[in-house]
Each structure stands twice: as structure tokens, then as C-alpha cells.
**Student:** 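Before I ask anything, let me first share the structure, which is written out below as C-alpha cells.
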Amino acid sequence: MWKQFAGKCLDLIIPPRCACCGQSVNDANHLCGTCWSKMEWIGKPFCTVSGLPFSYDLGQEMVSPSVMVDPPVYDRARSVAAFGETARRLVHQLKYYDRGDLASVMGQWMVRAGADCLVDPACWIVPVPLHITRLWKRRFNQAGLLAQAIARHTGTSYKPDLLRRVRSTRQQVGLSEEARRTNVEGAFQLHLPDRLSLSGRTIVLIDDVWTTGATLDACCRVLRRAEAGEICIITFARVVDGEQMPI
Ligand SMILES: [Zn+2]
């Protein structure tokens, strides 16, 4: 009750603003009607494995042909929205403009989008790590903030140190598929004193944006080698249909 009361008082002093455009709204950190409608939310129908939206609904659960031909390392992936202008602005606010407070609401949307990845209460929520030099510069890992929020909303365990980025990597955008793979090869290591405890464990990997997928793929390979159980990925945004928007 106190928390609610304090929240209302704060709203009177600092009126809540749209998390994307800054217009006045009723709830802090929520989107205004315009931004809400501009957000390219990913909903059904989508591929039950990759989570990529289908352009038409066949009325049943479907796996996309590309996933059938070349099955991914992960078991299931879900994203809140396509990486369009609105999602990009939100990610930028979180990442570059010190709006760590947005992680809670973005995390809530990720919990909803990735509900079928979060059914195992014993799952571990693991952020894609930053290299230590990048972490020093930015002071926080945006994927970590989202992962922490998801763990808090679902009562699951947040494991920020399970994966470590032991090698700094170049930006993936603009590289060929082969170059992307080489770029992230050996970049991640598992940090787990007791390997056995990962055996059969459901891992939910968290990142802000899914661009080329090579980084997430490299993380999944490390987890798979360590005999993790189900590996799921939840990202806030995802580049869909080869959209080439700068990160
Ligand atoms: Zn707005």
C-alpha cells in the first residue's frame, strides 16, 4: 500500500511520460497510444521454434521450412517486437540514455512474449554477457537488466555470470555469415564450478536485440556442449525480414 501511495505522490510531482516519445501518459514507463500502435508486436502466427512471424495463418502450430532444413541449436525463441523504429528507440533509451528503469516494463513484455519458455520454475535466466572492457565503458549490461527483471517477475533464478565473454568481438552487422561465425567463435565460456548442475537444466538466454543471431548461436553452443536441457531465447526486439536498421 505504501509503495502504491508513494508511486501516486511521485506521479503528482513528476507526471509519468511515454517510455518512447516522452508524451504524458497515465502509467509511468508505459507507451502512449501512438507509440503502442506503432510498435511492431510479434504475435501468432509464428514459427513455434524460431518465433519468426508467418505472413499468413494456417490455423495450426507450424515450424518454418528453414528451421526444418537447418535446425537451430536452441529449442525455442521468442521476441516482443520487430526491431522497428519504436522498439529501437526503447532499446536505445535503455542502453545509451541511462533509462535502466525501463527494464522492468520491457521485462514484463518479454515474460508475456516468452511465456512458453518460462514454464519450468527451476530454469535459469542468463543474459548474453558483455566483454569486461565494454562493461566498464557502459557500466551495466542491458541484457543483464532485462534478465534480472524477468527473473524478478517470474520468481526464477538470475545467473549473470554463467556465461562470460572472454574475447572482445567486432560488430556483427555488415559481416558475411561465415565472418560472423568466426567473429564470435570461442568468444564465450561457461563459468560454472560444478558442471553437473547444468545437466538437464532449462536455460533461458536473454538479449535486448536479435540481429544476426551469431552471438546467440555461439552462446547456445557453449550451453549445449555443457549438456544444458532445454535452451530458450527471449529477446526484446528482433530483426525480421532482413531489416537493416543500425543498432
Ligand atoms: Zn509515445
Side-chain angles (χ1 to χ4, degrees), residues 3-46 51-55 57 77-118 125 127-128 130 137-154 171 173 204 206-212 216 233-247:
K3 214 173 166 183
Q4 270 183 352
F5 178 69
K8 292 281 174 214
C9 290
L10 195 68
D11 287 353
L12 287 173
I13 305 163
I14 313 163
R17 306 237 161 240
C18 168
C20 184
C21 71
Q23 226 188 65
S24 293
V25 285
N26 291 332
D27 285 318
N29 295 333
H30 282 252
L31 294 177
C32 70
T34 315
C35 292
W36 184 274
S37 62
K38 274 192 192 160
M39 183 94 137
E40 298 161 53
W41 306 96
I42 295 177
K44 283 182 177 171
F46 52 66
L52 276 172
F54 290 132
S55 46
D57 193 356
R78 300 289 181 262
S79 305
V80 172
F83 193 51
E85 192 52 46
T86 311
R88 181 169 173 262
R89 278 178 82 169
L90 282 171
V91 168
H92 275 209
Q93 296 277 341
L94 174 74
K95 215 161 154 175
Y96 306 120
Y97 295 95
D98 252 349
R99 291 293 312 273
D101 54 306
L102 290 180
S104 181
V105 71
M106 289 166 81
Q108 257 170 21
W109 293 335
M110 289 168 82
V111 167
R112 202 167 50 196
D116 53 357
C117 300
L118 295 161
I125 312 293
V128 170
L130 288 181
K137 269 189 218 156
R138 201 177 288 159
R139 294 175 292 119
F140 62 89
N141 175 6
Q142 71 283 356
L145 296 181
L146 295 171
Q148 215 172 355
I150 292 168
R152 204 176 49 243
H153 291 313
T154 54
Q171 275 274 356
V173 175
V204 185
I206 306 296
D207 209 356
D208 54 344
V209 187
W210 178 317
T211 42
T212 67
L216 286 160
I233 300 172
I234 309 177
T235 65
F236 177 72
R238 180 157 183 179
V239 174
V240 175
D241 271 347
E243 285 174 68
Q244 285 302 315
M245 197 168 277
I247 305 303

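We count ligands from 1, going down the list as the structure has it; atoms in each ligand are counted the same way. Fair warning: this is a prediction, and the values are worked out from it, not measured in the lab.
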**Student:** Might you point out which heavy atoms bring Cys35 and Thr86 nearest each other, and give the distance in Å?
**Tutor:** O-CG2, 3.7 Å
**Student:** Taking Ser79 for its side chain and Ala81 for its backbone only, find out whether a donor-acceptor pair lies under 3.5 Å.
**Tutor:** no
**Student:** What are the protein N, O or S atoms, given as residue plus atom name, that sit under 2.8 Å from the Zn ion (ligand 1)?
**Tutor:** Cys18 SG, Cys21 SG, Cys32 SG, Cys35 SG
**Student:** What is the ring orientation for Trp41 with Trp36, classed by angle as parallel under 30°, tilted 30 to 60°, or perpendicular over 60°?
**Tutor:** tilted
**Student:** Can you check whether Val128's main-chain N or O pairs, donor with acceptor, with Asn141's side chain at less than 3.5 Å?
**Tutor:** yes
**Student:** Where do Asp98 and Asp101 come nearest, in terms of heavy atoms and distance?
**Tutor:** O-OD1, 4.4 Å
**Student:** With side chains defined as the heavy atoms from C-beta onward, is the minimum distance between Met106 and Leu90 less than 4.5 Å?
**Tutor:** yes
